Amino acid sequence: MAESNSNRLQYAGEYTLEGLELRTVKGSFNVIPNYVQLDLFENIYSNSISGSLVIADTNNLLVNMPFIGQEFLRLKISTPGISGVDAIDFSQNYFVIYKIGFVQDISKGSQLIEFHFTTQEALLNQRTRISKSYSSKNSHEIVKDALTNSRHLDSKRSIFLEKTKNQPRIVSPNYHPFDLIAMVSSQAESSVTSALPPEINYFVFFENTRGFHFKSLSLLFDQPTKGDYNCGDVGSIERATQDVENYNRVLTFNRVGSVDMLKNIVGGVMGSTLTTHDIYNKKYDTYFHGYFDNYPRIDENPIYLDTGVDYSNRNAGDYVDARIYLNSRSGDSVNKSFTRGESESGDEGSLSSLTTGRGLLTRRAKFAELSGGINYNIKVNGHVGMKAGQMINFTVSTVGNPHGEGTENKYLSGKYLVTHLRHTFFKAPIVKHEVSMAITKDSYKTSLPSGTIQRTTRPNGFVTELSGGTDYGGM
């Protein structure tokens, strides 16, 4: 059995498997003696968690059960010796097995079987549609209705909703519940006071091992960090009155991509323009977004300088025509939720500030910045308290001669948001829990050096008009 009977943590990555059971039409089957590897996947851009289970089968389960994609998986895992951390507990709200992955013979009379599973709400979402109008509910109340209403998802999982202040008038024309929630997320405006600027509260809806979350990026960015990880050599740390080495040491890490100015220009991160055409009122409004506009960042320092980038001394955020969007709508004289930021005509705009106007531009820019900014993939020794949506501290070491700057990269170190997370529970060669995380940040821990990058001055080039003949224009 892959667990320790002791409540004392013996090494980083140890875990206690309290339950692992397949429930089929022919009854329950305990697979703790048979499992090889278990993986759980979380993603703040995904509505549901999912996972895979690999077992060694010597009982011809595929025929004797059989498996038809309607089975359940009961699961409970904890980390011994760490107090205040809830177990990963699906012993009452079971996972649903929806697919058989690979089936591989390993010896005569035995085979490896991979099961893919997800939460029950993920399948019910595809079976259910909502045909309903909402006019007097706040955004978080609409999300609550979609999740808990017995005619919709009827979820029994824990739900964490950030309170909102807007009451969007929404008609759901046979939308799946998660599609409705995605639409609501794009319009939600938080009523929670945050240390970060309140003007922009872009919401995400996701599920981790704790439950469903409907939260703004501002709230996620503002939460306390849940771990300190160092990609260099570190000493031991104290947990549960004992020294456990390697818990905050990063096993492997790699920088994903890099700061790409060209990509950020094309993607509208640096600057963009939106023209909203109102076919009903026969008018249009134009809105602008620039990179250096005031909206929340994980740390305080942007990754680009606001110095001039051309001979007219315009900065990188002044080119608002780099990306142009067109949005059309019909007028709405009742449901007005004015946009933050004026249009070119001086109007504040109408309809949801996050689906029209400057709010739409900055929402798109923020998510593009998080996916294409400062990103790392790291692997650490795991415990069950690690979840997607948490903030962590990640210390990046310097390389080579520090030149008096210390051994810590003062720009890349700091707070990171965990966007993707994978729990992997190994049984052999050692019972070991590892966690792989994709982490992101949108600014530096320390401001860039002040000053202006020197640009070479050169005389103007010349223009030659070619008339053919033997003149090939400098070729």
Side-chain angles (χ1 to χ4, degrees), residues 39-51 72-77 85-96 98 117-130 132 134 137-164 166 168 170 172 175-192 201-223 226 367 384-391 417-423 437-438:
D39 291 274
L40 294 174
F41 303 93
E42 304 175 15
N43 182 350
I44 69 167
Y45 306 120
S46 177
N47 300 315
S48 301
I49 61 176
S50 60
F72 296 103
L73 176 67
R74 179 182 176 273
L75 170 67
K76 187 174 182 180
I77 304 176
V85 175
D86 295 331
I88 297 176
D89 190 356
F90 288 84
S91 58
Q92 294 180 319
N93 292 310
Y94 303 151
F95 285 112
V96 178
Y98 67 91
F117 57 86
T118 186
T119 50
Q120 299 182 52
E121 290 83 358
L123 271 66
L124 190 58
N125 173 69
Q126 298 300 323
R127 296 178 172 130
T128 307
R129 293 183 181 271
I130 299 177
K132 189 174 183 178
Y134 298 90
K137 288 183 179 291
N138 290 349
S139 294
H140 69 279
E141 294 174 322
I142 299 175
V143 174
K144 179 181 177 181
D145 180 71
L147 289 173
T148 62
N149 193 310
S150 60
R151 293 174 296 176
H152 304 153
L153 291 182
D154 195 22
S155 177
K156 307 303 180 184
R157 296 217 62 206
S158 297
I159 300 171
F160 304 89
L161 303 174
E162 181 178 345
K163 288 186 176 181
T164 55
N166 63 318
I170 289 179
S172 175
Y175 281 170
H176 292 296
F178 287 162
D179 293 335
L180 172 62
I181 292 174
M183 182 170 63
V184 173
S185 299
S186 69
Q187 303 182 34
E189 299 180 56
S190 177
S191 64
V192 176
N201 297 286
Y202 303 135
F203 276 73
V204 288
F205 173 73
F206 63 97
E207 184 184 21
N208 60 25
T209 54
R210 187 74 185 278
F212 287 105
H213 299 259
F214 178 70
K215 296 177 179 177
S216 68
L217 291 180
S218 292
L219 189 68
L220 294 178
F221 291 168
D222 194 42
Q223 65 182 311
K226 296 294 186 180
F367 283 106
V384 296
M386 299 177 181
K387 299 175 180 65
Q390 293 178 336
M391 295 292 295
L417 174 66
V418 180
T419 58
H420 302 67
L421 186 143
R422 172 179 178 172
H423 293 276
M437 295 183 283

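The residues of the chain are indexed from 1 along the displayed sequence. Source: prediction; values computed, not measured.
- Side-chain atoms of Thr119 do not come within 3.5 Å of backbone N or O of Val96 as any donor-acceptor pair.
- Using a 4.5 Å heavy-atom cutoff, the side chains of Gln223 and Lys215 are not in contact.
- Using a 30° and 60° split on the angle between ring planes, Tyr202 and Phe367 fall in the tilted class, from 30° to 60°.
- No donor-acceptor distance shorter than 3.5 angstrom exists from the side chain of Ser172 to the backbone of Lys132, with no hydrogens or angles considered.
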side-chain contact (heavy atoms from CB on, under 4.5 Å) between Tyr134 and Asp145, worked out: CA-CA 10 Å; Tyr134 298 90; Asp145 180 71; 2.7 Å; yes
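- Taking every heavy atom of both residues into account, Arg151 and Asn149 meet most closely at N-OD1, 2.9 Å.
- Ser139 places none of its side-chain heavy atoms less than 4.5 Å from the side chain of Phe203.
- Between Asn43 and Ala388, the closest heavy-atom pair is N-CB, 4.1 Å.
- Looking at Gln390, its side chain never comes within 3.5 Å of a backbone N or O of Lys226 through a donor-acceptor pair.
- Residues Arg210 and Arg157 share a closest heavy-atom pair of C-NH2, 3.6 Å.
- Atom OG of residue Ser190 and atom CG of residue Asn166 lie 9.5 Å apart, to the nearest 0.5 angstrom.
- No more than 12 heavy-atom neighbours from other residues, nucleotides or ligands sit within 6.0 angstrom of NZ on Lys144.
- Closest approach of Phe117 and Asp39 over heavy atoms only: CZ-O, 3.8 Å.
- Distance check, rounded to the nearest 0.5 Å: CG of Leu75 to CG of Asp89 gives 8.5 Å.
- The side-chain heavy atoms of Tyr98 and Thr118, taken from C-beta on, include a pair separated by under 4.5 Å.
- Residues Asn125 and Asn47 form no side-chain contact, since every pair of their non-hydrogen atoms from C-beta on lies 4.5 Å or further apart.
- The shortest distance between side-chain heavy atoms of Lys387 and Thr209 falls below 4.5 Å.
- Counting only distance, with no hydrogens or angles, the side chain of Glu207 and the backbone of Ile49 share a donor-acceptor pair below 3.5 Å.
- Within a 6.0 Å radius of OH in Tyr175, no more than 12 heavy atoms belonging to other residues, nucleotides or ligands are found.
- Separating the NZ atom in Lys156 from the CG atom in Asn93 is a distance of 9.0 Å, to the nearest 0.5 Å.
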Candidate pair Phe95 and Leu40, rule side-chain contact (heavy atoms from CB on, under 4.5 Å), full reasoning: CA-CA 11 Å; Phe95 285 112; Leu40 294 174; 4.0 Å; yes
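- The nearest pair of heavy atoms linking Lys76 to Ala87 is CE-CB, 4.3 Å.
- For Gln126, the CD atom sits in a packed shell: over 12 heavy atoms of surrounding residues, nucleotides or ligands are nearer than 6.0 Å.
- If you take CG on Leu123 and CD on Glu121, they are separated by 10.0 Å, rounding to the nearest 0.5 Å.
- Val143 is not listed as a side-chain neighbour of Thr164, based on a closest heavy-atom distance of 4.5 Å or more.
- The shortest heavy-atom contact between Ile142 and Pro168 is CD1-CG, 4.1 Å.
- Using the six-membered ring where Trp is involved, His213 and Phe206 have ring planes that are parallel, under 30° apart on the 30 and 60° scheme.
- Within the model, atoms CG of Leu180 and OG1 of Thr128 stand 12.5 Å from one another, a figure rounded to the nearest 0.5 Å.
- Asn138 places no side-chain N or O within 3.5 Å of a backbone atom of His140 that could act as its donor or acceptor partner.
- Note that CZ of Phe212 and CZ of Phe160 are 11.5 Å apart. Values are rounded to the nearest 0.5 Å.
- Residues Ser185 and Phe214 have side chains in contact (heavy-atom distance under 4.5 Å, counting atoms from C-beta outward).
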